[in-house]
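Please read the structure below before turning to the comments.
Order of the sequence lines fixes the chain letters, A, B, ..., with proteins taken first and strands second; residue numbering starts at 1 for each chain.
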Amino acid sequence: PRGTEAVADPDATRVGIVLDVGGRGDKSFNDGAYAGADSAMKRLGADIRFIEPGEGADREAGLRLLAAEGMDLIMGIGFIFTDDLIVLSREYPNSNFAGVDFSVGTDEAGNVIPPPPNVAALKFREEEGSFLVGALAALVGNSKRVGFIGGMDIPLIHKFEAGYRAGVKHVCPDCTVVAQYAGVTPEAFANPGRGKELALSQYQSGVNVIFHASGATGGGLFEAARATGKLAIGVDADQAAEAPGRVLTSMIKGVNAAVYDAVARVDGKTFKGGVYSFGLAEGGVGYVYDDNNRALIPDAVHRRVEQIKADIIAGRIKVPSTR
Amino acid sequence: MSESFRLRAEEALLPSIVALLIALILGDVLILMFGESPAHVYSRMIEGAWGNPYGFAQVLYKTTTLTFAGLGIALALRAGLFNIGAEGQLAAGAFGAAIVGISLPAGTPGLVAVPLCLLGAAAGGLLTGGLPGVLKAKFGAHEVIVTIMLNFVVLALLNWLIVERLRTADTLHTPEINAGAVPRLSEFIPAFHGSAANVTFFFAIAAAIWCWWYLFRTPGGYALRATGLQPDAAEYSGIRVGRVWIKAMALGGMLAALGGTNFVLGYKHYYEDGFTGGSGFLAIAVAIVGRNHPFGVVIAAFFFATLSQGGLAIHALVPKQMVEVLQGIVILAMAAAVPEVQRALRSARKVVAA
Amino acid sequence: MSAHPIRMAGIDKSFGPVRANRAASLDVAPGEIHALVGENGAGKSTLMKILGGLVEPDAGTVEVNGRDVTGWSTSDAIANGVGVVHQHFMLVPTLTVAENVVLGNEPRRGMLFDRTRALTDVNALIQKTGLVVPADRRVSELSVGEAQRVEILKTLYRGAKILILDEPTAVLSPPDVRELWTVLRKLRDDGGTIVLITHRLDEVIDISDTITVMRAGATVGRMTTSETTPAEIAKAMVGRDVALSVPGRETISGPGATADRPSSAAGALLLEVRDLSVSDSRRIRVVDGVTFSIRAGEVLGIAGVEGNGQTEIVEAIAGLRDIAAGSVVVSGHDVTRATVKDRRAAGIAHVPEDRHRRGLILEYSIAENLVLGAQDEFSKRGSLDGARIDAHAREQIAKFDVRPSTPAPAARTLSGGNQQKVVIAREMGRSFTVLLAAQPTRGVDVGAIEFIHRQIREARDAGKAILLVSAELNEVLALADTVAVMYRGKFAVTMPASDATPEVLGPYMTGGNSRDAA
Amino acid sequence: MNPFDFITQTLRIAVPYLFAASGGLVAERAGIVSLTLEGFMLSGAFSATLGSYYSGSAVIGVLAGAAGGLLFGLLHGIATVRFRADQVVSGIAVNLLVIGLTQVILMLLFDSSSNSPRVEGFQAGLSGFGDPLVWMGLASVPVVAFLLYRTPFGLRIQAAGEHPEAAASVGINVRFVRYVAVAISGVLAGLGGVYLALDQHQFTNNMTAGRGFIAIAAVIFGRWNPWLAGGACLLFATAETLQIQLQGVGGIPSQFIGMIPYVLTIVALAGLMGRAVAPAALGRAED
Ligand SMILES: Nc1ncnc2c1ncn2[C@@H]1O[C@H](COP(=O)(O)OP(=O)(O)OP(=O)(O)O)[C@@H](O)[C@H]1O
Ligand SMILES: Nc1ncnc2c1ncn2[C@@H]1O[C@H](COP(=O)(O)OP(=O)(O)OP(=O)(O)O)[C@@H](O)[C@H]1O
Ligand SMILES: [Mg+2]
Ligand SMILES: [Mg+2]
């Protein structure tokens with residue numbers, strides 16, 4: 001389905017999306033955005049165009065192309081679009097912009113600097129979902145050692161680690177979290193061979209459950225889980241199919257919902273700029289509990305995790321977002 | 001004189017043209033495999049690159065980085081050394097410029113700040129290019145391997161500095177610089193509005209002219225080329241080959257590093273992890289297609305920049321990686337066609353002469 | 001067996017603009033040693049490469065034992081008993097002698113290389129032929145004489161009945177040459193046919209039965225050795241009568257050549273070399289404690305079999321090799337640790353032995369080559385001074401009779417002789433006090449040799465100190481005031497040229513009379 | 001971690017290096033520069049995945065992967081031997097071509113820019129030693145040493161890399177020898193990629209992640225001797241195992257631990273081994 005030049009309804013909401021470097025078919029982030037857009041096309045009849053940039057300067061070029069065509073909504077998928085969106089939104093004050101993982105800065109006093117009025121910053125509180133799967137890992141794992149594998153060693157991924165770590169400690173204060181990263185270049189998100197060895201060494205050191213936030217590198221984790229019969233936790237989307245029966249759960253990041261939501265608001269003429277933070281309360285992040293993994297999670301554990309979730313939503317538990 | 005010029009031009013240009021033709025034909029085959037019309041795809045590419053002022057300005061922007069990096073590689077190659085480290089040198093240069101720019105007080109006049117930032121960039125290149133040169137000269141360490149390895153080390157080091165030292169929330173870049181920015185071309189040519197193209201482009205052209213002058217009009221360049229052509233003869237004549245190697249690698253590293261200022265001083269005003277996006281490797285192709293001649297490098301950089309910008313316009317038709325495939329084919333065709341065409345050319349002349 | 005082993009007719013071969021062979025022919029009768037002679041570049045090697053299947057002729061026919069084999073391959077040639085010993089060694093230095101000998105024809109056990117059998121086979125062959133070499137040694141560790149023997153063993157191992165030797169004696173000492181003759185005669189008497197290329201007319205007279213002479217790619221004469229003289233051969237080679245200053249042992253300009261010398265040894269000491277030692281990359285001493293000095297107006301000639309340290313001595317003085325011990329003093333300045341550039345500034349000029357590797361930047365123009373090493377002096381405010389470089393080139397080209405006489409052509413396009421003239425012009429066309437001349441006439445023709453010799457004599461008369469190294473004993477005898485023979489990194493003997501003759505020096509060249517042997 | 005686990009992990013990590021370095025060694029000893037190993041590995045990984053996907057058999061996958069390595073090995077051979085292209089340049093082009101082509105085809109066949117569907121692999125077991133490719137990888141060093149030093153063809157490879165004119169003068173077809181050598185290197189390095197892909201049961205875009213460059217470093221580190229190069233592979237693998245084991249220990253940033261193999265290589269090139277002793281005709285076109 002590459003044909004994006006489909007016949008357009010002249011009244012349809014026109015949306016342009018510039019994807020992150022990984023591009024379509026990355027089976028995580030970009031595909032999440034694509035899925036959200038796809039359902040917006042089907043359900044709202046929106047007319048959506050995608051651009052896949054090559055190198056850095058092409059990101060702005062892509063946004064610009066879409067803005068110049070007078071799109072109703074222009075989206076950038078990934079924190080890396082932050083500055084480009086700010087520049088464009090000033091130039092095109094009458095267009096709507098949205099950025100997934102948009103990075104919202106703070107001034108010297110620590111106050112949030114709001115994005116321009118026509119930009120929606122779609123942010124996810126990954127740490128909250130990570131907190132839940134951390135608690136789950138510690139409760140199910142039956143070991144004082146709990147594992148984490150990150151892709152590239154960068155702040156965005158540290159958020160996952162921080163929440164996860166806190167979740168583990170919340171239910172098991174004397175547990176150790178073994179946290180490892182696959183590398184320091186973007187290749188760290190596409191090195192399943194390394195992922196598998198990291199996972200095997202964690203499993204061999206007594207870890208029973210590992211959570212990953214490492215893109216395609218996570219493929220190696222699922223292979224290791226299959227080989228050892230131990231448990232893995234997926235990320236971004238439901239990854240149960242990667243190692244049937246061995247995926248304890250997945251930390252869901254609702255990029256698709258956020259994208260769909262933004263398109264729907266534009267379609268319904270209710271779009272407004274500002275920071276939209278998606279956490280547990282908004283259903284923007286969460287964990288999978290369904291027929292695939294019900295057998296792996298005792299009811300008592302499930303109830304406990306649900307309780308924690310309620311506590312977070314209610315603000316009774318503060319989840320850290322940095323290590 | 002004009003006859004010899006014609007012969008030289010023929011020898012310089014013909015192989016490149018033949019190689020491009022070969023690449024074009026192979027590209028056609030690939031495009032046909034996707035069920036598209038090559039003519040349509042190519043015309044979309046050209047249109048996207050040259051068909052509007054913005055696209056053209058973007059081509060100039062990309063030409064700038066590639067020219068600097070290509071010059072850095074070509075200069076080293078003229079001394080007989082293969083510098084595969086331009087990727088790391090670009091990053092180190094960008095980072096060096098950013099660090100200087102950040103440390104300068106806001107409001108430092110451009111005439112002071114820009115040269116200082118350029119020096120910062122050059123220092124980054126001096127380190128990352130000079131080290132392989134020194135290791136080659138002193139220990140005979142093969143520069144190809146050292147520069148490849150150094151790329152990994154430099155990128156890891158910069159990543160550490162960004163993530164652990166200069167952390168800005170959520171992102172992978174340094175804070176914005178306060179001083180040292182270079183104006184965009186759109187300030188002079190309004191039609192370029194929005195494009196990243198900036199005055200660094202003229203720095204790149206100036207660098208190319210300087211390279212030409214240095215290589216072909218100075219004793220230093222004479223010694224550098226002699227070393228590249230016949231190191232034993234150079235040594236015999238009193239040229240200190242090891243020093244020339246160090247100098248060529250350091251100069252090459254500095255040139256490549258200056259390419260990083262295109263992004264930092266002219267465009268984003270900060271260093272961002274991964275901004276190079278492989279330009280340092282593509283620049284190897286630029287140097288080779290440009291036949292290691294500074295002006296050839298500029299032309300080749302413009303060509304590859306066009307390919308890259310035009311590539312954006314054909315997403316809907318073929319996958320974007322097609323552009324990478326085309327680049328690979330161009331380089332391979334170039335490498336294979338040059339010796340062949342030159343031989344053919346020489347023997348054709350002989351027949352005529354006989 | 002009536003068919004001639006070799007019959008080549010109408011052979012044409014061009015390398016680009018160079019016509020290496022034009023309608024060349026060769027006819028060799030069974031059981032003879034056939035000498036192929038001619039000037040440098042006459043096309044001898046090319047003709048033999050065609051016979052050996054290394055090069056394909058543009059036109060003409062090649063018959064071996066009566067069969068048309070035109071355009072065959074090396075493997076065809078080998079399979080049919082034709083073996084070539086090339087002018088330049090064709091040995092893989094990292095492999096052992098035995099491995100080199102059997103390469104391409106390896107004894108096998110199953111699919112394996114049978115190293116043991118290779119060794120026994122080669123040793124047996126060594127026994128049989130008397131070509132003694134250590135079969136299990138790496139070739140890189142052999143002397144040139146030994147390497148030459150390995151080359152011959154290679155062809156014999158392949159059962160060569162027709163043996164082609166391209167200048168096998170160029171690197172051999174007189175006793176080694178005598179040994180080779182014994183081997184060749186034995187091979188001939190066993191029914192082999194031998195074609196021998198050599199520049200030494202005495203050798204031709206010594207060993208051959210028949211002679212073919214080549215000039216400018218064509219065959220210009222065929223004679224029976226017993227019915228001709230060196231002078232006749234030389235005339236056929238060059239195409240006119242020559243006062244033979246062409247190297248050739250008995251034809252050199254005898255003792256008379258030294259008569260016109262002004263009495264030397266009166267001038268100032270310009271080059272002093274004391275206890276000089278040089279090690280190669282394997283830390284073996286290749287120059288071992290050599291001491292000598294040269295005065296203004298004096299020529300010291302170093303003779304010896306190549307590979308005994310001559311190259312290293314010159315390169316160490318020129319600054320191209322590290323000096324392990326000892327000192328080099330030029331006009332009173334110690335330059336032992338000085339850079340090449342400083343040594344040149346101190347007055348050293350250097351004609352290197354390998355003009356293609358060292359002496360010229362082949363891609364550079366004549367003009368550019370004429371300022372090689374002096375590029376800094378030919379610049380003005382940081383830029384090369386094109387006008388001055390051009391004027392300088394025109395001047396030198398005229399003075400040293402370089403052809404073509406324009407500054408622009410690349411050095412690569414010049415003939416060997418003219419390339420050498422460019423080197424000579426550059427080195428001798430500037431001010432210097434000490435000239436290091438290594439093989440100054442190697443590979444150049446008669447006319448050029450005369451010219452170069454004249455230049456060297458003039459420099460001597462102008463009060464320069466000259467160190468001449470030559471593989472041609474006769475060249476050394478013709479030019480030097482003092483002659484030294486190098487053997488295994490040392491001066492085996494030093495004597496006034498007036499006392500020196502090939503007969504006196506010969507034994508020293510092989511260590512026979514050397515002082516440390518005594 | 002117990003010593004057994006440490007050793008098995010090191011050996012598993014070493015497998016792709018051993019394959020690729022053995023292959024690179026054969027090509028380099030014949031005089032062909034092997035900056036192509038990364039591309040050969042990637043094409044091997046990709047072809048193996050396709051083979052296994054369409055046949056449902058891991059064995060077919062291995063054969064397909066070897067064929068994929070072979071294909072690009074021959075392409076490099078044709079460019080450098082037939083057309084006498086600069087070997088470094090051709091190497092860079094081949095790498096670029098493979099990266100681009102694998103992605104284009106991935107998109108074409110599976111509509112994904114990142115990975116293939118899951119395919120059949122071997123029953124590797126917990127230690128990984130159930131995978132025949134592990135054994136083959138370990139065996140590749142003795143096999144190449146055997147080829148080089150014990151077979152007539154090995155002798156010819158050495159001759160072609162040291163003194164091609166000498167080889168030609170005794171009737172050896174140097175071009176043929178070089179073609180075969182670069183083909184062998186394509187197959188062996190391709191198998192290194194096959195191991196990566198089949199062990200993961202899928203192809204991931206760019207999954208070789210620079211391993212080909214580490215392998216070529218191992219060849220140089222090992223001074224073009226198969227045993228030493230194999231040792232260098234094990235050394236690099238040990239460094240990586242340590243890196244995995246040490247991460248998080250002592251507060252050393254991961255970036256610095258990640259640099260270990262690269263810094264090690266640079267230091268080795270500069271200091272420990274002195275001047276390189278490359279085959280004399282390495283990189284030189286035969287004419
Ligand atoms: N491969 C080649 N390419 C170009 N020119 C060549 C080649 N081989 C030989 N020639 C040229 O062909 C001519 C004949 O060379 P050849 O080697 O046959 O001479 P020769 O008689 O053996 O000389 P010498 O006595 O110096 O060995 C020379 O001008 C030489 O430079
Ligand atoms: N290997 C080679 N490749 C290309 N051209 C060559 C080669 N060898 C020699 N030539 C060319 O062959 C020609 C003759 O070279 P050569 O050195 O044999 O000359 P020569 O006959 O010795 O000259 P002279 O008479 O001046 O001494 C020159 O034009 C030279 O450039
Ligand atoms: Mg000659
Ligand atoms: Mg010859």
Closest approach of [X] and [Y], non-hydrogen atoms and distance?
| X | Y | answer |
| --- | --- | --- |
| Ala183(D) | Leu74(D) | CB-CD2, 4.1 Å |
| Ala24(C) | Leu47(C) | CB-CD1, 3.9 Å |
| Ala189(D) | Leu37(D) | CB-CD2, 3.9 Å |

Intermediate values then yes/no, side-chain contact (heavy atoms from CB on, under 4.5 Å), Val139(C) and Phe89(C): CA-CA 11 Å; Val139(C) 162; Phe89(C) 285 150; over 6 Å; no
What do the steps show when you test Val278(C) against Glu315(C) for side-chain contact (heavy atoms from CB on, under 4.5 Å), and what is the final call? CA-CA 10 Å; Val278(C) 180; Glu315(C) 293 196 346; over 6 Å; no
Region of Leu155(D) that comes under 4.5 Å of a non-hydrogen atom in chain C: both
What part of Phe153(D) gets closer than 4.5 Å to chain C, counting heavy atoms only: side chain, backbone, both or neither? neither
Apply the test side-chain contact (heavy atoms from CB on, under 4.5 Å) to residues Glu167(C) and Thr198(C): give CA-CA distance (whole Å), side-chain angles for both, the deciding distance (0.1 Å), then the verdict. CA-CA 5 Å; Glu167(C) 302 196 28; Thr198(C) 176; 5.7 Å; no
Got a sec: does the CZ of Phe146(D) have more than 12 other heavy atoms crowding it under 6.0 Å? yes
Heavy-atom contact with chain D under 4.5 Å, split by part of Leu54(C): side chain
Contact origin within Leu103(C) toward chain D - heavy atom pairs under 4.5 Å: both
Using distance alone, with no hydrogens and no angle check, list the donor-acceptor pairs under 3.5 Å between chain C and chain D.
from	atom 1	to	atom 2	distance (Å)
Thr74(C)	OG1	Ala168(D)	O	3.4
Phe89(C)	O	His163(D)	NE2	3.3
Gly104(C)	O	Arg156(D)	NH2	3.1
Glu106(C)	OE1	Arg156(D)	NE	3.4
Glu106(C)	OE1	Arg156(D)	NH2	2.8
Glu106(C)	OE2	Arg156(D)	NE	2.9
Phe113(C)	N	Arg150(D)	O	2.7
Arg115(C)	NH1	Tyr149(D)	O	3.3
Arg115(C)	NH2	Tyr149(D)	O	3.0

side-chain contact (heavy atoms from CB on, under 4.5 Å) between Val133(C) and Ile126(C): does it pass, once the steps are laid out? CA-CA 7 Å; Val133(C) 260; Ile126(C) 289 171; 3.8 Å; yes
